Amino acid sequence: MNLHSEYVADRILECASELRPEIYDCCIGSCMCFTGEFENDTTCPICEEPRFDQRKKARNRFRYIPIIPRLQAMFKDPKLIELLLHRVRRESDPNLIEDVLDGGVIRRLLDSHVEIDGEKQHYKYGEFETDIFLALTCDGVSVHKGVGARRSKTQYSCFPMEIIILNLPPTIRTQDRYVFSLGVIPGPREPKHLNSFCWPLYQECLCGLEGIPTYHTI
Ligand SMILES: [Zn+2]
C-alpha cells in the first residue's frame, strides 16, 4: 500500500482491527489513574498534584489497549482455537500440581457458579470450553539508566502491564507473541494505586463474566 505517513498507517490498522487504545488521565507522578471512584477528581488523592494544567489539559495520560477485541480475534484462527483448547483437553491428576490450572484458586473457581453483582448465574467458571482465564503481570522496568560512567543519577521507571492467557499450553503462554500488552503506566515513580490503572481491565473482565458474543471460525 502506498501510505504517506505512519499516522495514516496507524489509523488504517485501527479501523481494520477495530482495536483502539482508551486514553485515561493519570497523576503527573503516576500515583494513580483517574478512573472509577476517582473519575471526576481534579487533584491526585495521594500527592495532591493537580490533574489539569492551566489550559485545562490533563498533565499525564495512560493509554489502555483493550483485551476483548484481541481475544475475539483469536477465535478467527483455527490454530489458535486449538491452542486455547489446551485448558479443557489436558488431563489432570487431582493429586498433582503440574500447572497453575491445578492450583487451589482455579480449582475452587471451577467448582463455583459465576456471580455478577452478588447474583448467582446458572453457569460455573470455566464451564464453557471458550471461557478464558487470564493472569495479569506488572513490574517496573528502568529506562534511561545508562551503564558505567554514563550511568544516570536519576532512574526513570515505567510499568508495562501484560496479560498471560492461561488457556494456552504452559510451554508457549509466556512467549512474546502470545503475551498481550495492556499498556505502560508512565513513570517516573511506581504507581501507588495500581487498582486504578487496572480499572479498565476490571470492566472488561465483568463483560467476560456475562459472556461476549464472538464469531467462532470452527
Ligand atoms: Zn499523585
Side-chain angles (χ1 to χ4, degrees), residues 6-7 10-11 13-14 17-71 100 105 109 115-118 132-166 173-174 176 178-210 212:
E6 198 178 320
Y7 176 82
D10 282 352
R11 294 293 84 77
L13 196 57
E14 257 186 31
S17 64
E18 295 183 2
L19 182 64
R20 285 178 190 83
E22 295 167 6
I23 297 170
Y24 296 92
D25 299 348
C26 65
C27 164
I28 185 76
S30 58
C31 307
M32 48 71 71
C33 193
F34 293 95
T35 55
E37 61 181 303
F38 309 116
E39 193 181 1
N40 299 317
D41 287 8
T42 52
T43 53
C44 167
I46 296 162
C47 71
E48 296 180 354
E49 281 285 340
R51 173 173 176 172
F52 303 107
D53 63 15
Q54 287 165 341
R55 289 175 298 161
K56 306 268 181 228
K57 282 197 165 171
R59 297 169 73 202
N60 201 1
R61 282 183 164 159
F62 168 60
R63 285 165 180 78
Y64 174 80
I65 311 167
I67 186 80
I68 290 174
R70 290 181 284 174
L71 293 175
V100 65
V105 173
L109 276 180
E115 268 187 45
I116 302 171
D117 290 335
I132 305 275
F133 286 78
L134 303 173
L136 172 68
T137 152
C138 179
D139 202 359
V141 176
S142 290
V143 285
H144 308 315
K145 207 162 94 179
V147 286
R150 291 174 184 270
R151 199 178 176 89
S152 162
K153 279 182 190 152
T154 53
Q155 281 192 12
Y156 186 97
S157 298
C158 62
F159 295 80
M161 291 170 67
E162 297 189 326
I163 282 288
I164 295 169
I165 301 168
L166 300 177
R173 68 167 75 115
T174 52
D176 278 355
Y178 298 112
V179 175
F180 290 149
S181 171
L182 295 177
V184 178
I185 301 173
R189 293 190 296 272
E190 66 182 68
K192 295 193 174 67
H193 196 294
L194 187 59
N195 281 359
S196 62
F197 289 96
C198 295
W199 186 86
L201 172 66
Y202 180 67
Q203 299 306 311
E204 288 199 285
C205 291
L206 287 180
C207 293
L209 287 183
E210 289 185 21
I212 301 158

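In this text, all values refer to a predicted model and were calculated from it rather than measured experimentally. Order of appearance sets the numbers: ligands from 1, and atoms from 1 within every ligand. Below, each value reflects all heavy atoms present in this structure, side chains not excepted, and no hydrogens, waters or symmetry copies.
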Applying the side chain to side chain donor-acceptor pair (under 3.5 Å) criterion to Tyr64, which one of Glu22, Gln203, Glu204 satisfies it?
Glu204

Gap between atom OG of Ser30 and atom CD1 of Ile46 - 0.5 Å precision
10.0 Å

What's the spacing between Leu136 CG and Leu194 CG if we round to 0.5 Å?
7.0 Å

Just grab all the salt bridge (Lys or Arg N to Asp or Glu O under 4.0 Å) pairs involving residues 33-45, residues at least two apart or on different chains.
none

Protein N/O/S atoms closer than 2.8 Å to the Zn ion (ligand 1):
Cys27 SG, Cys31 SG, Cys44 SG, Cys47 SG

Sequence neighbours excluded - ring pair (Phe, Tyr, Trp, His ring centres under 6.0 Å) pairs with any residue from residues 17-57
Phe38-His193

Qualifying side chain to side chain donor-acceptor pair (under 3.5 Å) pairs, either residue in residues 44-53, two or more places apart
Asp25-Arg51, Glu49-Arg59

